[in-house]
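Since the structure comes first, as structure tokens, the remarks are kept for the end.
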There are 2 protein chains.
Amino acid sequence: MGRRATTRRIGIADVALKAGVSHATVSRVMNGNFTVDATIAERVRAAATELNYQPNPVGRSLALGKTDTIGIVVPDLSNPTFQAILRGLSMAAAQDGYRVLIADSSEVSSEEAILAGEARRRCDGLVLCAPRMGDAELEELAPSLHPMVLINRTTTHASVPSLMVDYGQGIQELAGHLVGLGHTRLAFLAGPEGSASNALRLAGLEKFKAGHPEIDLHMLDGGSSFEAGHESADAVLASGATGILAFNDLVAMGLLSGLHERGIRVPGDVSITGFDDIPFARYTTPTLTTAAVPITELGQQAWHRMRDLIRHVPSDAANEGPTVFQPQLESRGSTGPAKA
Amino acid sequence: MGRRATTRRIGIADVALKAGVSHATVSRVMNGNFTVDATIAERVRAAATELNYQPNPVGRSLALGKTDTIGIVVPDLSNPTFQAILRGLSMAAAQDGYRVLIADSSEVSSEEAILAGEARRRCDGLVLCAPRMGDAELEELAPSLHPMVLINRTTTHASVPSLMVDYGQGIQELAGHLVGLGHTRLAFLAGPEGSASNALRLAGLEKFKAGHPEIDLHMLDGGSSFEAGHESADAVLASGATGILAFNDLVAMGLLSGLHERGIRVPGDVSITGFDDIPFARYTTPTLTTAAVPITELGQQAWHRMRDLIRHVPSDAANEGPTVFQPQLESRGSTGPAKA
DNA sequence: ACGCTTCGAGAAAACGCTTTCTCATTATTT
DNA sequence: AAATAATGAGAAAGCGTTTTCTCGAAGCGT
């Protein structure tokens, strides 16, 4: 059993001894149970503050069967999108006295399942951002992870709320925006292979192509990072496209920088759009046209769904189907009329 | 006691029953204790996998007196600096099988102490970023938080490692860089009042002034955010300074954007420096001259110090005094020769 | 074949708390 | 004043593990 050494933290027994009552009574007082006589309660409180007693959360968790902690699995903590989700989640959860435990899967899809399980066992619930996990695996894992909230994924299990961003719609709006400016040769700088949100964008673009047969749309391999955007500058130029749809803001910024180095003018020569509207998007030069996703709010929503799950609130609103966030077009400086 | 309802998670007792042994034996097998007969061990393992048994971490924590989790208190999760520390910490800790619990004090100094205590009790150790907490309070709190690692703070307690960034040195280098470019009228866009790292910068600048009496150095109120930098554009112009030392990269970027809007050329008219070298610093236009702080590495180091504390390694290296990280001048595009 | 050690596994205590059960007091009713 | 109800606090049973204690059953030497 536990570590025997050192000076042992002060526990409920010490307080009980000092106040001349039983542990049970101390517990009752600490938890605001009013069946304790006022004078005794006071004596206990005095002893507690004097000894600076703080209940051990682990013991408490074991007895109560809850940890007041939720876990979140993210694929990459260096990505501003997940940072924002984490922040929204953490702040909202803190409001209700919950803490958050983080697990970064480092974009390794095989880690996602393991981390999710581990985090879930330590917590009262799990928020899962697992863009790489296979559908089948997710489907199979879901029940064992309940209560769980999914971000940008769905399952058939009705008890698993999903928060989705309509990337398909957003990318179509961006493409439409470019076409509206007279661009006829577009290129999409794709995200990571097998990323669920990338697939949504691709689907959106297919739809767009169907509706705009006159538009020339190139598909370029990319990634999700700054560096990816930076490195694809040459490929973008080679494509001859004048309107570039970057996978996200990060990629767009990298591209912006790469083109700047090559003396290409944005939006004079080429127009660029991002996706997400990360905080930096409005401070690049030129400022970045993008599809704004209320991402911090999404994190916050994730907590609210989780809270309802934990409290067994009968999922008032969106019971069936995921909650969908519609990206909003933010027209800024990086897009302009196509060259005549 | 615990929630009685539902289908109860499967525990060690179920495995014991199924394998026809005692819980003790199951525990032994699960923990690789070789005093168990091989055939029995195999039977237990079979039962465990068949039932998909996963030990309850809370029970485990209680018995073992450790949680395999460390906490981190940050003042603002939306600040890239703390995001990077968190990331470095989390990744490094994960390598050793530890998780991290986050607590965001939202820049409220009174919250810092409370959150720190709560987080610490749930975890095996605490990494504390508390730029606002008073020295006296920190000093008093420190022992009760052990094992703890401090970021950008120190205490007199020898058992509390500190990781410090030498902001004083860094800001002097930046100032020297500007002076070397011919600037004689500088301005410092200060950070939040009462921020410890801001105080270090101020001290550095005092030293700088002493060594360069010919230089005119304005002090301007600022903040630590993008917006703060953006809003101080007018104040900067009014100061007449041509070399601006922004509190950090965020502020510098905000200022860059504010000046851009006013048609001021950087570095043609005004030179700007940041601090931290956040990832975006190399992708602004112009790219940002800054003092690079190996911030992710700092998070990583924080874990290593913590690990030594937890394992009772006799603090091999830097026993006395804090570990100091020297910022490195990154000369980029936002600084140039002063106008003739 | 008997006593000695070694091995292996079950019983039980411990970790620190919450909560049910139980029973002694005191207050209320007839 | 006796019977009954209400109150308040201690004893003890969990929560799910790990680990010490203990003891029966082998293994071994003489």
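Just so it is clear, the model here is predicted, and its values are computed rather than measured. A note on names: the letters A, B, ... follow the listed sequences, proteins ahead of strands, and every chain is numbered from 1.
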Exercise for review: Assess the side chains of A:T67 and A:D124: does a donor N or O sit below 3.5 Å from an acceptor N or O?
Suggested key: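 A:D124 and A:T67 do have a side-chain donor-acceptor pair below 3.5 Å.
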
Please pick, from [options], the nucleotide with the shortest atom-to-atom distance to any side-chain atom of [X].
{"X": "A:A24", "options": "C:dT19, D:dC15, D:dG16", "result": "C:dT19"}
{"X": "A:L64", "options": "C:dC15, C:dT18, D:dC15", "result": "C:dT18"}
{"X": "A:T25", "options": "D:dA11, C:dC17, D:dA9", "result": "D:dA9"}
{"X": "A:D37", "options": "C:dG16, D:dA9, D:dG16", "result": "D:dA9"}

Residue whose closest nucleotide on DNA chain C lies nearer the 5' end, A:R60 versus B:R43
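The residue whose closest nucleotide sits nearer the 5' end is B:R43.
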
Just how far, in rounded Å, is [atom2] of [N] from [atom1] of [X]?
{"X": "B:M30", "N": "D:dT18", "atom1": "CE", "atom2": "P", "answer": "8 Å"}
{"X": "A:R121", "N": "D:dG16", "atom1": "CZ", "atom2": "P", "answer": "15 Å"}
{"X": "B:I12", "N": "C:dG10", "atom1": "CD1", "atom2": "P", "answer": "12 Å"}

Margin query: Check this for me: does any side-chain nitrogen of one of A:R307 and A:D96 sit under 4.0 Å from a carboxylate oxygen of the other?
Written below: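 Yes, charged N to carboxylate O under 4.0 Å.
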
* Charged N to carboxylate O under 4.0 angstrom, B:K18 versus B:E50? ->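 B:E50 and B:K18: salt-bridged.
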
Next item on the list: Please state whether the base of D:dG8 and the side chain of A:R28 form at least one donor-acceptor pair under 3.5 Å?
Entry: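 Checked by distance alone, the answer is no.
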
Do the side-chain N or O atoms of A:Y53 get closer than 4.0 angstrom to the phosphate oxygens (OP1, OP2) of C:dC17?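 Checking C:dC17 against A:Y53, a side-chain N or O does come within under 4.0 Å of OP1 or OP2.
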
- Query: Using a cut-off of less than 4.0 Å, is there contact between a side-chain N or O of B:N31 and OP1 or OP2 of D:dT18?
  - Reply: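 So the side chain of B:N31 is within the cut-off, an N or O lying under 4.0 Å from OP1 or OP2 of D:dT18.
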
If you look at every strand shown and take non-hydrogen atoms under 4.0 Å, does [X] touch a base, only sugar-phosphate, or nothing?
{"X": "B:F34", "value": "nothing"}
{"X": "B:V58", "value": "nothing"}
{"X": "B:V21", "value": "sugar-phosphate"}

Do the non-hydrogen side-chain atoms of B:V127 and B:M306 ever get within less than 4.5 Å of each other?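 B:V127 vs B:M306: side chains touch.
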
- Query: Do A:R122 and B:R99 touch side chain to side chain, with heavy atoms closer than 4.5 Å?
  - Reply: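 The answer is yes, as the side chains (C-beta and beyond) meet within the 4.5 Å cut-off.
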
